[in-house]
Amino acid sequence: MPAASPRLIERSVHAVAALEWLKGLAALALAFGFDTLHRLGLHEVAVALVGHLHLNAHSHWPALFVGWSDRLQHVHPGQVVAFALAYAALRLAEGWGLWRDRAWAEWLAALATGIYLPFELSHLLHRPGWAAALVLGFNLAVLALMVWRLRGRRASA
C-alpha cells in the first residue's frame, strides 16, 4: 500500500466518527419523537413533508418514504423506540471509539460497513444511479480505511 499522511488518515477516521455520531443523534431524535409522530399519523406527516419539500410524491424515493411510513404506523411504538435507542447507542459508541483511536471501534466500523456492501451492490446492479454508486463508493472507502488501520495496528504489534 502506498504511504499515506498520518494526519490525513486521522482526519478521515474523525470524519467517519462524526458521521456515526450524526447517525446516532438522528436515531435518538427518532426515538424521542416517534411517539408524537405516531399519534399524529405517520402517513399524514410523511405526505406533508414530501409536499413541504416540493417533491414529486410519485417518484421513487418519496413514494418509498411514504410507503415506509404506512408500514411503521402498524408497528408498536415501543418496538421502534427500543430499536432506535439500541441503534443510537451502537453508533454513538462506535463514533466515540473511532475518535479515541480504539481498535474495537475500527473492527465494528469495518463489520458494520461490510455487512451492507452486498445489498448496496445488488441495489446498484438492479437500479443503477449516481446515488447508489456514491453510497457504495463511500462505504468501500470507509471499509478500506478501517482495514488499513487494522493492518497497521497488526504490523506495529
Side-chain angles (χ1 to χ4, degrees), residues 1-2 4 8-9 11-34 37-38 40-99 103-151:
M1 288 187 194
L8 176 63
I9 297 295
R11 288 175 120 173
S12 299
V13 171
H14 283 176
V16 173
L19 180 61
E20 295 306 320
W21 282 331
L22 284 174
K23 288 189 228 177
L25 292 174
L28 281 177
L30 171 66
F32 291 117
F34 185 77
L37 292 174
H38 194 265
L40 292 173
L42 292 173
H43 178 82
E44 290 76 14
V45 172
V47 168
L49 183 60
V50 167
H52 180 74
L53 296 173
H54 306 290
L55 300 173
N56 178 358
H58 301 291
S59 64
H60 177 71
W61 292 109
L64 191 65
F65 176 67
V66 171
W68 272 99
S69 73
D70 290 341
R71 286 186 201 97
L72 280 176
Q73 188 66 42
H74 303 292
V75 175
H76 188 276
Q79 291 174 313
V80 174
V81 170
F83 178 80
L85 288 174
Y87 182 83
L90 181 70
R91 293 303 178 181
L92 293 170
E94 181 183 345
W96 180 89
L98 288 172
W99 196 273
W104 61 263
E106 292 166 3
W107 278 105
L108 180 58
L111 178 65
T113 303
I115 286 173
Y116 292 114
L117 291 177
F119 301 105
E120 291 166 356
L121 183 59
S122 175
H123 181 74
L124 180 63
L125 293 174
H126 290 92
R127 295 186 67 87
W130 65 268
L134 188 65
V135 168
L136 179 62
F138 178 79
N139 282 333
L140 283 170
V142 169
L143 181 60
L145 175 64
M146 295 306 137
V147 168
W148 177 300
R149 296 275 294 195
L150 289 165
R151 291 181 97 188

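Note that this is a predicted model, so its numbers are computed, not measured.
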[X] side chain to [Y] main-chain N or O, any donor-acceptor pair under 3.5 Å?
X	Y	value
S59	N56	yes
S122	P118	no
H43	Q73	no

Can you confirm whether [X] sits close enough to [Y] that some side-chain heavy atom of one is under 4.5 Å from a side-chain heavy atom of the other?
X	Y	answer
Y87	K23	yes
L90	L108	yes
L98	M146	yes
V135	L124	no
F65	L49	yes

Next item on the list: Evaluate the criterion side chain to side chain contact (heavy atoms under 4.5 Å, CB included) for residue pair L85 and L28; output intermediate values, then yes/no.
Entry: CA-CA 6 Å; L85 288 174; L28 281 177; 3.8 Å; yes

Could you report the tightest heavy-atom contact between [X] and [Y], atom names first, then the distance?
X	Y	result
R127	A132	O-CB, 4.2 Å
L55	P62	CB-CG, 3.9 Å
V50	A57	CG1-CA, 4.0 Å
L25	L92	N-CD2, 4.2 Å
A105	E94	CB-O, 3.8 Å
A31	V81	O-CG2, 3.5 Å

Item checked: N139 CG to L121 CG distance, which is reported to the nearest 0.5 Å ->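 Between atom CG of N139 and atom CG of L121 there are 12.0 Å.
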
Check: Roughly how far, to the nearest 0.5 Å, is the CD atom of E120 from the CD1 atom of I115?
Finding: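 I115 CD1 to E120 CD: 11.5 Å, rounded to 0.5 Å.
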
Notebook entry, point to check: With sequence neighbours excluded, what pairs up with E106 under the salt bridge (charged side-chain N to carboxylate O under 4.0 Å, His left out) test?
Noted result: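 Checked E106 against salt bridge (charged side-chain N to carboxylate O under 4.0 Å, His left out); matches are R149, R153.
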
Next item on the list: Could you label the plane-to-plane angle of the H54 and H52 rings as parallel, tilted or perpendicular, counting under 30° as parallel and over 60° as perpendicular?
Entry: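 Parallel.
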
Checklist line | Aromatic plane relationship, H123 with W61 - under 30° parallel, 30 to 60° tilted, over 60° perpendicular | finding: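 The arrangement is tilted - the two ring planes meet at 30° to 60°.
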
Next item on the list: Using the ring pair (Phe, Tyr, Trp, His ring centres under 6.0 Å) rule, take W96 and W21 through it: C-alpha gap first, then chi angles, then the decisive distance, then the call.
Entry: CA-CA 8 Å; W96 180 89; W21 282 331; 9.2 Å; no

Next item on the list: Pick out which of V142, L134, L140 makes a side chain to side chain contact (heavy atoms under 4.5 Å, CB included) with F138.
Entry: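 With F138 as partner, V142, L134, L140 yield a single side chain to side chain contact (heavy atoms under 4.5 Å, CB included), made by V142.
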
Checklist line | Residue pair L42, D70: steps toward the side chain to side chain contact (heavy atoms under 4.5 Å, CB included) verdict | finding: CA-CA 7 Å; L42 292 173; D70 290 341; over 6 Å; no

Margin query: Tell me whether H60 at atom NE2 has more than 12 heavy atoms from other residues, nucleotides or ligands lying less than 6.0 Å away.
Written below: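 Counting neighbours around NE2 of H60, more than 12 heavy atoms of other residues, nucleotides or ligands fall under 6.0 Å, so yes.
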
Check: Counting only heavy atoms not in W104, do more than 12 fall under 6.0 Å of its CH2?
Finding: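 Yes, enclosed.
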
